[in-house]
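Computed over heavy atoms, backbone and side chain alike; hydrogens, waters and symmetry mates excluded. For ligands, and for the atoms within them, numbers begin at 1 and follow the listed sequence.
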Amino acid sequence: MLKITDARVIVTCPGRNFVTLKIETDAGVSGVGDATLNGRELAVASYLSDHLIPCLLGRDAHRIEDTWQFLYRGAYWRRGPVTMAAIAAVDMALWDIKAKAAGLPLYQLLGGACREGLLVYGHANGETTEETLREAQRYIELGYRAVRLQSGVPGLKSTYGVSSDKDFYEPADAALPSENVWSTEKYLRSTPQLFAAAREKLGGDIHLLHDVHHRLTPIEAARLAKDLEPYRLFWLEDAVPAEHQANFRQIRAHSTTPLAVGEVFNSIWDCKQLIEEQLIDYIRASVLHAGGITHLRRIANLADLYKVRTGCHGATDLSPVTMAAALHFGISIPNFGIQEYMQHTAETLAVFPHGYHYGDGYLHPGEAPGLGVDIDEALAAQYPYRRAYLPINRLEDGSMHDW
Ligand code: EZ4
Ligand code: CO
C-alpha cells in the first residue's frame with residue numbers, strides 16, 4: 001500500500017496556460033499529471049480540486065486500474081473533455097508514482113521498448129508556399145524525417161496553423177476569441193499546389209503531413225484527399241468534424257491518401273467505428289485528452305487489431321508531462337506510428353524539467369525513473385494564469401464555420 005496523502009493542482013502560464021496535478025504519497029514518492037484543456041483550463045482545475053482530489057486522499061496509489069474505474073465507471077456523468085482530462089491527470093500521476101517506486105522508467109512497466117526511438121514530425125508553416133518550404137527545409141536540416149506543411153491561403157487574411165513566430169506556435173492567442181475568415185473554395189484550390197511544389201523542391205523521401213482542422217464536408221474532403229494522392233502524404237489530418245464517424249466512409253471510398261483523426265477525442269467510443277471499419281490509418285487520441293495511459297492503451301490495442309497506428313497529438317498546449325507520457329507509451333506499443341512534436345518555449349521547459357530528448361528525427365523518453373518529468377512549483381508560481389482562447393472561424397459571408 002502506497003497511500004495518497006496529498007494532491008494539488010498547479011496552474012501556471014509560462015507563455016501559455018498549463019494545469020498540472022501533483023500527487024504525494026506516504027512513502028515520499030510523488031507523481032505528476034497534465035490536465036491542460038486549451039481555453040478551458042480552469043474547468044478542469046475545478047473538476048480536480050472540487051470533485052476528484054477529495055476522493056483520492058487515503059487511496060492506494062498502486063491501484064491504478066481500480067482508481068480509473070472508480071473515477072469513470074463510478075461517476076454518473078461520463079466522458080467529455082473536462083472529465084477525461086481530469087481522469088488522465090490522475091492516471092499519469094499514478095503511473096509516474098508506480099514507476100518511480102519500482103525505480104524504472106515508465107516504459108519498462110508498460111512492456112519495455114519495441115523500438116529505438118519515436119519518429120516525430122515538426123511543423124513547417126508560412127504565409128506563402130516559398131516561406132513554408134523554406135521552413136520545411138530548416139526541419140530537414142535538423143534531421144527531421146517528417147514535416148507537417150500548413151500555408152496561408154491566397155485571398156484570405158489569416159489562416160489557422162500559420163503563425164508569426166515560427167518556433168513557438170501558440171494558437172490560443174487572445175483574451176477573447178479572435179476571428180479567422182475561411183473559404184473552402186480558395187483552400188481546396190491552393191493546397192494541392194502547395195504539395196506539388198513541396199515534392200518538387202523537397203523530393204520524395206521526406207514524409208509530408210497536412211492538417212485540415214475539421215473544416216471540410218465529406219465530399220470536399222474526398223476531393224482534397226484525391227487531389228493530394230500524387231504527392232503521397234504520410235497523412236491527411238482531421239479532414240471533417242468527426243462527430244459523425246460514418247462520414248469517413250465517403251473520403252475512404254474516393255482516395256488512398258492515409259487519414260488521421262482524433263486529437264479532440266476523449267474515449268474509445270469516439271473512434272470505435274472509425275477503427276473497426278478501417279476508415280482511418282492513424283488515431284491521434286492523446287494520453288491527456290483520452291483518459292490517460294490506462295484508457296489510451298485500450299484504444300491502441302483495439303487499433304492494433306485493425307492495422308491502425310497511433311499518431312498522438314503533441315501540440316504546445318499539451319505540457320511536457322503529456323509529452324513524456326506519450327513517449328513512454330509510444331515506445332512500448334507495437335502499433336506506434338508517429339509522434340507530433342512542437343517546441344515548447346524555454347520558459348515552459350524550465351518550469352517542467354524533463355529527461356526526454358530529440359536526436360536525428362526521433363524522440364527518446366530517457367532513462368529516469370517514472371515519467372522523467374517534474375514541475376518546478378516555485379518557478380511555476382511566477383507565471384500566473386492568463387485567460388486565452390483559440391480563434392473561431394467564419395466564412396466570407398460572416399456565418400460561423402466548423403473547427
Ligand atoms: O489546433 O492543439 O495538430 N495539431 C493541432 C493543434 C490544435 C491545438 C488546439 O488546442 O491541430 O494546433
Ligand atoms: Co491537428
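An N or O contact shorter than 3.5 Å links Glu263 to ligand 1 by distance. Between Trp403 and ligand 1, no pair of N/O atoms sits closer than 3.5 Å.
At least one donor-acceptor pair under 3.5 Å links the side chain of Lys100 to the backbone N or O of Ser30.
Annotation: side chain of Val32 is not in contact with side chain of Phe352 (no heavy-atom distance under 4.5 Å).
Taking the six-membered ring for Trp and thresholds of 30 and 60 degrees, Tyr160 and Trp403 have ring planes more than 60 degrees apart, a perpendicular arrangement.
Heavy atoms of Asp211 found under 4.0 angstrom from ligand 1 belong exclusively to the side chain.
Taking every heavy atom of Glu340 and a limit of under 4.0 angstrom, the matching atoms of ligand 1 come to 3 (O), 4 (N). Interface atoms of ligand 1 facing Arg148, defined by a heavy-atom separation under 4.0 Å, are 3 (O), 4 (N), 5 (C). Which parts of ligand 1 touch Ala315 is read off a 4.0 Å heavy-atom cut-off, strictly below it: atoms 2 (O), 6 (C). Residue-ligand proximity, Asn38 to ligand 1, at heavy-atom distances under 4.0 Å covers atoms 9 (C), 10 (O). For ligand 1, the atoms lying closer than 4.0 Å to a non-hydrogen atom of Arg284 are 3 (O), 4 (N).
Residues Thr322 and Asp34 share a closest heavy-atom pair of OG1-OD2, 2.6 Å. Shortest non-hydrogen contact noted between Ala326 and Leu118 is O-CD2, 4.2 Å.
The nearest protein atom to atom 8 (C) of ligand 1, hydrogens excluded, is given as Asp317 OD1, 3.5 Å; this is a heavy-atom distance. When hydrogens are left out, the protein atom nearest atom 1 (O) of ligand 1 is Tyr160 OH, 2.6 Å; that is the closest non-hydrogen contact.
Centred on the Co ion (ligand 2), the angle running from Glu263 (OE1) to Asp211 (OD2) is recorded as 170°, rounding to 10°.
Residues Thr217 and Glu220 bring a donor and an acceptor atom of their side chains to less than 3.5 Å of each other.
Closest N/O/S atom of Glu237 to the Co ion (ligand 2): OE2.
For the pair Arg394 and Trp182, the cation-pi test (distance below 6.0 Å, angle within 45°) is failed.
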His254/Ile219 under side chain to side chain contact (heavy atoms under 4.5 Å, CB included): CA gap, chis, key distance, verdict:
CA-CA 9 Å; His254 292 285; Ile219 201 66; 4.2 Å; yes

